[in-house]
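Since the structure comes first, as C-alpha cells, the remarks are kept for the end.
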Amino acid sequence: MSIRLIRRWVLTIACALIVSTFPATASEPTIRLTNGEFSPLMSARAKHGGLVSHIVSEALASSGYQVEYGFFPWKRAYIMAKNGRWDGSVGWGYTDERAEDFVYSDAIFPAREYFFYREGFVFDWQEDSDLQGIKIGVNRGYLSQNVLQNMQERGLNINYLTTTTELQNLRALLGGRVDVVVCNDLVAKRLLNQHFSLQERDIIVQHPRPFTESPLHVIVSNNIEHTEEVILAINRGLGALRESGRYQALLDEFEAGGYE
C-alpha cells in the first residue's frame with residue numbers, strides 16, 4: 001500500500017471517529033424562547049426553570065430541538081419575542097391582541113387565578129358588579145389586568161392597582177393598600193409559605209371561585225421565518241409527552257415539590 005493511500009486511510013478513520021464521538025445535541029437546532037419569573041411554574045432559580053419551562057423543554061427535545069431560555073421582566077420578554085429577536089416566549093394566556101403578533105401552541109398548563117383577601121373583609125365575587133368600589137391588586141400585563149380593563153370599558157366602576165410581582169401584591173394586601181389581590185393559587189401558596197409568618201398566612205383567605213381560567217401556551221413570533229415549524233415541533237412533542245405518560249409524571253413531580 002502506498003504512503004498516499006495509507007495517509008488517506010488514516011484520515012478517513014480519524015474523521016469517522018470525530019463524527020461518531022461528537023455530541024448528538026450539536027446537530028439539533030435550537031429554539032430561543034424568552035421566559036420570566038412566575039415561580040414555581042417558571043423561574044430562573046427553579047429546578048429545570050420551573051414546571052412549565054420543563055414541559056416545553058421536554059416537548060421540544062422529543063421533536064429533536066434544544067431550547068435556549070432567556071429570563072427577563074415579562075414586558076421585556078414579550079417585546080423581545082414580538083420583534084423576532086427571540087423565537088417566542090413561554091407561559092402566556094390567549095388574548096386577541098397577542099394573537100395579532102404570535103401563533104399559539106397547544107395548551108401547556110391549565111392556569112387559574114383567584115381572589116385573595118384579608119379575613120374579616122366582606123367579599124363574595126359572583127358577578128362582575130361585585131368588584132365595583134373595591135381596591136384590587138393585580139400584576140401588570142397579566143390576563144387578569146386585561147379582564148379588569150374590559151370591565152372598565154363596559155362602564156363598571158373597577159379600581160385596580162398594578163405591580164410587577166405577586167409578592168408585591170400580597171404585601172400590599174397585608175398592608176391594607178388594596179382590598180383584594182388576584183394571583184395564581186399555586187404561586188400564592190408558595191409565596192405565602194416562603195415570605196410570611198404563620199400569623200400572616202392565617203388571615204389570608206382564598207375565594208373558591210376562579211377569577212380567570214386560561215391555559216398557558218408558548219407564543220411564537222410572526223416575525224421569524226420558521227414560525228409554523230416551531231409550533232408543529234412543540235405540539236408534536238406535547239402530544240408525545242401526554243401519550244407516553246411523561247406529562248403526568250412531571251405534574252406528579254411538581255405536586256411533590258420537585259421544582260422548589
Any chance you could measure [X], atom [atom1], to [Y], atom [atom2], to the nearest 0.5 Å?
{"X": "His54", "Y": "Leu41", "atom1": "NE2", "atom2": "CG", "value": "14.0 Å"}
{"X": "Glu243", "Y": "Ser62", "atom1": "CD", "atom2": "OG", "value": "11.0 Å"}
{"X": "Asn235", "Y": "Ser63", "atom1": "CG", "atom2": "OG", "value": "9.0 Å"}
{"X": "Ser129", "Y": "Met151", "atom1": "OG", "atom2": "CE", "value": "9.5 Å"}
{"X": "Leu148", "Y": "Glu153", "atom1": "CG", "atom2": "CD", "value": "11.0 Å"}
{"X": "Thr165", "Y": "Arg140", "atom1": "OG1", "atom2": "CZ", "value": "10.0 Å"}

Does the plane of the ring in [X] sit parallel, tilted or perpendicular to the ring in [Y]? Use 30° and 60° as the thresholds.
{"X": "Tyr114", "Y": "Phe116", "answer": "perpendicular"}
{"X": "Phe211", "Y": "Phe115", "answer": "tilted"}
{"X": "His207", "Y": "Trp125", "answer": "perpendicular"}

Donor-acceptor pair between [X] and [Y] side chains, under 3.5 angstrom:
{"X": "Asp96", "Y": "Tyr94", "answer": "yes"}
{"X": "Trp92", "Y": "Ser89", "answer": "yes"}
{"X": "Gln152", "Y": "Asn150", "answer": "no"}
{"X": "Asn139", "Y": "Asn169", "answer": "yes"}
{"X": "Ser43", "Y": "Glu37", "answer": "yes"}
{"X": "Ser53", "Y": "Asn35", "answer": "yes"}
{"X": "Thr164", "Y": "Gln168", "answer": "yes"}

In one Ile/Leu/Val/Met/Phe/Trp/Tyr side-chain cluster, 4.5 Å: [X], [Y]:
{"X": "Ile79", "Y": "Leu143", "result": "no"}
{"X": "Leu251", "Y": "Val90", "result": "yes"}
{"X": "Leu186", "Y": "Ile204", "result": "yes"}
{"X": "Tyr65", "Y": "Ile55", "result": "yes"}
{"X": "Val103", "Y": "Met80", "result": "no"}

Is the shortest side-chain heavy-atom distance between [X] and [Y] below 4.5 Å?
{"X": "Leu156", "Y": "Leu131", "result": "no"}
{"X": "Leu191", "Y": "Val187", "result": "yes"}
{"X": "Ile158", "Y": "Ile136", "result": "yes"}
{"X": "Ile31", "Y": "Leu33", "result": "yes"}
{"X": "His195", "Y": "Leu167", "result": "yes"}
{"X": "Val52", "Y": "Phe38", "result": "no"}
{"X": "Glu58", "Y": "Leu241", "result": "yes"}
{"X": "Val218", "Y": "Ile108", "result": "yes"}

Can you tell whether the side chains of [X] and [Y] come within less than 4.0 Å, N to carboxylate O?
{"X": "Lys82", "Y": "Asp101", "value": "yes"}
{"X": "Arg171", "Y": "Glu166", "value": "no"}
{"X": "Asp128", "Y": "Arg154", "value": "yes"}

Sidechain-backbone polar pair: [X] side chain, [Y] backbone, donor-acceptor under 3.5 Å:
{"X": "Glu113", "Y": "Cys183", "answer": "no"}
{"X": "Arg118", "Y": "Ile203", "answer": "no"}
{"X": "Arg32", "Y": "Arg85", "answer": "yes"}
{"X": "Asp179", "Y": "Lys135", "answer": "yes"}
{"X": "Ser221", "Y": "Ala81", "answer": "yes"}
{"X": "Asn193", "Y": "Arg190", "answer": "no"}
{"X": "Arg98", "Y": "Gly93", "answer": "yes"}

Please name the pair of heavy atoms, one in [X] and one in [Y], separated by the smallest distance, quoted to 0.1 Å.
{"X": "Gly258", "Y": "Lys47", "result": "O-CD, 3.1 Å"}
{"X": "Asp124", "Y": "Asp130", "result": "O-OD2, 3.3 Å"}
{"X": "Ser144", "Y": "Thr212", "result": "CA-CG2, 4.1 Å"}
{"X": "Leu216", "Y": "Ala111", "result": "CG-CB, 3.8 Å"}
{"X": "Asn157", "Y": "Gln132", "result": "N-OE1, 2.9 Å"}
{"X": "Pro29", "Y": "Gly64", "result": "CD-O, 3.4 Å"}

Would you indicate whether [X], at its atom [atom1], is surrounded by more than 12 heavy atoms from other residues, nucleotides or ligands within a distance under 6.0 Å?
{"X": "Gln194", "atom1": "CD", "answer": "yes"}
{"X": "Glu97", "atom1": "CD", "answer": "no"}
{"X": "Gln126", "atom1": "CD", "answer": "yes"}
{"X": "Arg45", "atom1": "CZ", "answer": "no"}

As a quick check of understanding, evaluate side-chain contact (heavy atoms from CB on, under 4.5 Å) for Phe72 and Tyr78, giving each step before the final call. CA-CA 9 Å; Phe72 306 98; Tyr78 183 86; over 6 Å; no
Using side-chain contact (heavy atoms from CB on, under 4.5 Å), reason through His217 and Phe109 one step at a time and then give a plain yes or no. CA-CA 7 Å; His217 305 259; Phe109 186 79; over 6 Å; no
Check the pair Tyr69 / Trp86 against side-chain contact (heavy atoms from CB on, under 4.5 Å), numbers first and verdict last. CA-CA 9 Å; Tyr69 288 124; Trp86 289 68; 5.9 Å; no
In a check of side-chain contact (heavy atoms from CB on, under 4.5 Å) between Val67 and each of Thr30, Leu60, Asp87, which one passes?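 The side-chain contact (heavy atoms from CB on, under 4.5 Å) with Val67 is passed solely by Leu60 among Thr30, Leu60, Asp87.
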For Met42 and Leu51, run side-chain contact (heavy atoms from CB on, under 4.5 Å): C-alpha distance rounded to whole Å, both residues' side-chain angles, the deciding distance at 0.1 Å, then the answer. CA-CA 6 Å; Met42 292 164 282; Leu51 171 63; over 6 Å; no
Tyr247 ring centre to Arg242 NZ or CZ under 6.0 Å, with the angle to the axis within 45°?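 Yes, cation above the ring, under 6.0 Å and within 45°.
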